Protein chains: 4
Amino acid sequence: MARGNTRQRIQDVALELFAEQGYEKTSLREIAERLDVTKAALYYHFKTKEDILVGLFHDLTRPMDELIVWAREQPRTLETKQEILRRYQVALADAAPLFRFMQENQATVRELSVGLTFKERMLELSGLVQEPDFAMKDKVRCISALFTMHAGMFFMQNVEGDPEEKHEAVLEVALDLVAQAHGA
Amino acid sequence: MARGNTRQRIQDVALELFAEQGYEKTSLREIAERLDVTKAALYYHFKTKEDILVGLFHDLTRPMDELIVWAREQPRTLETKQEILRRYQVALADAAPLFRFMQENQATVRELSVGLTFKERMLELSGLVQEPDFAMKDKVRCISALFTMHAGMFFMQNVEGDPEEKHEAVLEVALDLVAQAHGA
Amino acid sequence: MARGNTRQRIQDVALELFAEQGYEKTSLREIAERLDVTKAALYYHFKTKEDILVGLFHDLTRPMDELIVWAREQPRTLETKQEILRRYQVALADAAPLFRFMQENQATVRELSVGLTFKERMLELSGLVQEPDFAMKDKVRCISALFTMHAGMFFMQNVEGDPEEKHEAVLEVALDLVAQAHGA
Amino acid sequence: MARGNTRQRIQDVALELFAEQGYEKTSLREIAERLDVTKAALYYHFKTKEDILVGLFHDLTRPMDELIVWAREQPRTLETKQEILRRYQVALADAAPLFRFMQENQATVRELSVGLTFKERMLELSGLVQEPDFAMKDKVRCISALFTMHAGMFFMQNVEGDPEEKHEAVLEVALDLVAQAHGA
DNA sequence: AATGAATGAGACTTCATTCAT
DNA sequence: AATGAATGAAGTCTCATTCAT
């Protein structure tokens, strides 16, 4: 019925399933069945299974890339770092399923071509919120701020409370951490 | 030739491979070959592949269980919580490969019998470092303290510096976070 | 090369082997080899091994089903019952290998989904050739008539004589038995 | 605890399981577990799995052998044949599980060393209740009498009524059949 | 743009059997 | 009289992938 959008639909379903069950446990048969197409159809749109993941990654990771590009050009002030965190939270929320997937499938993803890229980005980002001459404790604070954001996205679902409120509390804690690292 | 240690050797090799490549990607053939036994020998010692994981989990998770038991009986003071963090860091270090595995294979592990247990433990632990009447921000601080510990174990490997020093910095940041939550 | 008949060919070979060696002893490898296909090809056409059997059963059992449907609508006279026996003999002959298989693999087949169905059919049929108010001895006669038909199909192969003649003798004995049950 | 009787216990359990699930589907592990012994223990008492079956067969088949031996020496009168049927019914009842097993596992048992023997015995027996110069229809009657006995043992369980009464009805029908064959 | 049919590799698992103790 | 440990063969099944149509 619908046509040009098959590629997109494949990605949508794939992401959903990858996030839910993991990459290895999700078979192409499953994806195809859920779309009511044959497996062979998937191969018309993507060269391999990994390719589906790579496609997803490229599409959904752009905000994070743009964040990094933007951040690199800013002065390395506390304000910049706090803005990075704010933007990171937004990027995280927008691509939540992908990040959840990345978080929960590290072992699998590690040796996929995409894996390196992701780790590199995290390292890059962590480099942009700390300073080389920081004391170790302050470096840890900055990294912790980043991971607080992650915990905020995933573990906090288990904590009761208004989502908006949780969201803000998470951001505040993270902002505090970099502020403290900057000697506030 | 065969000594009573085969069961242990299986667990050792399995943990190593599970941590390195993930659970799904590690085949029983691989484990068996590395031990120079047949696959069938694995089945003499463990009923299923999952059972190997369950065995590992039971053995390596005991310190965390004991920590929870101990913590439940303590007064819910700041000092207790800080002691929990200290002990948690030790437990984490002792069973580092298992925790790394758990962290990196969440998607896979989620539907294994072991998965629930692990999540429950994390929730229990997070319940023991916060208080129900805390402001949301303080709750987040406490949870963040826990996750800082995780980041400390795994992501911090990518940060250069003396391991001992990093270790302590991580602990300090975590201790600070609960202290702040307690209004210090 | 591949024509649309593969599914049918699988069933043919499977029935042959199931009847010859039994269900458990017949491996999918064997079936595949005899067809010069891979095992995986079997799984393209049938979801499981049991499914091959279920397919066979559905296809070959139709005459018996139709017989039951027809019989239910007839008046419960002696003539009807004798006609049932005549038709049963034909149905039996048409699906001889399947019936032989069912007969000789009862233990195996009992817990397959197909098993119940088969027993139910036999019970149904036996209900259609006897009457509830018959004396026990007459009930036994009717059941015996049915089983005479089975013996006729399988054990009689060991008795020498013209097949056509045996066939008729078997039918006559069965017809006599119901006739006697009806007080002839 | 108990000792000399292990061999017997193995046979008991094995027969029970063979009859219930079939020979192929019953594993030595299952037998061993039910006896609370190791598989290796079974091998102390029996050389192979088939050997367990052979043992059972030899033990439980004796009455049938004795019946054949006895029958061979009797005059080939109607009375003798009817006595054969009476005795066969008793033999059948005494070794019901074994006969049920034989009946329901013909395909499996066929190529076991024991299989031939069983078929031979059935042929022998069928030779003793008919006469070479009988008309085909009368031969069928005699064979039918034998199979009525089998149906009586197994299928009749599905017919309601007093067991004793069913038992007798079955015998009467069988006796009638040979009587008719003899021109009664 | 997609299907139907098939493959080759490999997964987990079970089994009957052996043998030193 | 029986166990603990292990093996080799085989089984069912699933998967990513291919290719002619």
Side-chain angles (χ1 to χ4, degrees), chain A residues 1-7 10 24-32 35-52, chain B residues 1-7 10 24-32 35-52, chain C residues 1-7 10 24-32 35-52, chain D residues 1-7 10 24-32 35-52:
Chain A
M1 226 142 255
R3 80 259 43 161
N5 62 343
T6 299
R7 196 189 143 91
I10 292 172
E24 314 272 10
K25 290 256 292 235
T26 302
S27 70
L28 295 185
R29 177 177 56 67
E30 223 172 337
I31 298 175
L35 288 167
D36 209 37
V37 224
T38 44
K39 275 182 290 170
L42 305 185
Y43 280 89
Y44 179 81
H45 294 282
F46 296 93
K47 243 181 16 228
T48 66
K49 184 186 180 186
E50 189 175 341
D51 217 44
I52 300 181
Chain B
M1 207 140 270
R3 276 203 308 303
N5 60 344
T6 301
R7 197 190 144 90
I10 293 171
E24 315 271 10
K25 293 258 292 228
T26 302
S27 70
L28 295 183
R29 179 180 54 69
E30 223 172 338
I31 298 176
L35 288 167
D36 207 38
V37 224
T38 54
K39 276 178 289 167
L42 305 185
Y43 280 90
Y44 177 75
H45 294 282
F46 296 93
K47 254 194 346 250
T48 65
K49 185 185 179 185
E50 187 174 343
D51 214 44
I52 300 182
Chain C
M1 210 138 271
R3 276 203 307 304
N5 60 343
T6 302
R7 196 189 144 92
I10 292 172
E24 316 271 11
K25 293 256 292 229
T26 302
S27 72
L28 296 182
R29 178 180 53 68
E30 222 171 339
I31 298 176
L35 289 167
D36 206 39
V37 223
T38 53
K39 276 178 288 168
L42 305 185
Y43 280 91
Y44 177 75
H45 293 282
F46 296 92
K47 256 195 343 251
T48 65
K49 184 185 180 184
E50 186 173 344
D51 214 44
I52 300 182
Chain D
M1 227 144 255
R3 81 255 47 162
N5 60 343
T6 299
R7 197 189 142 91
I10 293 172
E24 314 273 8
K25 290 258 290 237
T26 302
S27 68
L28 295 185
R29 177 176 56 66
E30 224 171 337
I31 298 175
L35 288 168
D36 209 38
V37 228
T38 45
K39 275 182 289 170
L42 305 184
Y43 279 88
Y44 179 80
H45 294 282
F46 296 93
K47 240 180 22 225
T48 67
K49 185 186 180 186
E50 189 174 342
D51 217 43
I52 300 181

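Letters A, B, ... mirror the listed sequences (proteins, then strands); counts begin at 1. Keep in mind it's a predicted model, so treat the numbers as computed, not measured.
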When the distance from CG of A:Leu35 to P of E:dA1 is rounded to whole Å, what number comes out?
16 Å

Once you round to the nearest 0.5 Å, how far does CD1 of B:Ile10 lie from OH of B:Tyr44?
11.0 Å

Once you round it to whole Å, what is the distance between C1' of E:dG8 and CG of C:Leu42?
14 Å

Closest non-hydrogen atom pair between D:Arg7 and D:His45, with its separation
NH1-O, 3.5 Å

Phosphate oxygens OP1/OP2 of F:dA6: is one of them under 4.0 Å from a side-chain N or O of B:His45?
yes

Tell me which one of D:Ile31, D:Asp51, D:Thr48 satisfies side chain to side chain contact (heavy atoms under 4.5 Å, CB included) with D:Leu42.
D:Ile31

Sequence-distant partners of A:Lys39, salt bridge (charged side-chain N to carboxylate O under 4.0 Å, His left out), two or more places apart:
none

Can you tell me if C:Thr6 touches the phosphate of E:dA6, counting only side-chain N or O atoms and a distance under 4.0 Å to OP1 or OP2?
yes

Indicate whether OP1 or OP2 belonging to E:dA1 is found under 4.0 Å from a side-chain N or O atom of A:Tyr44.
yes

If a protein heavy atom is under 4.0 Å from the base, mark B; if only from the sugar-phosphate, S; if neither, -; do that for nucleotides 14-21 of chain E going 5' to 3'.
BBBBBB--

In whole angstrom, give the distance that lies between atom CD1 of C:Ile10 and atom C1' of E:dA5.
11 Å

Pair D:Leu28-D:Ile52, side-chain contact (heavy atoms from CB on, under 4.5 Å): steps then yes or no:
CA-CA 10 Å; D:Leu28 295 185; D:Ile52 300 181; 4.1 Å; yes

Pairing stems for DNA chain F [at least three consecutive pairs; Watson-Crick or G-U; under 3.5 angstrom]:
E:2-21 with F:2-21

What is the distance, to the nearest angstrom, from the CD1 atom on C:Ile31 to the C1' atom on F:dC13?
14 Å

So, C:Lys49 side chain and C:Thr26 main chain: donor-acceptor pair closer than 3.5 Å or not?
yes

Non-hydrogen atoms of B:Glu30 and B:Lys25 that approach each other most closely:
OE1-O, 3.7 Å

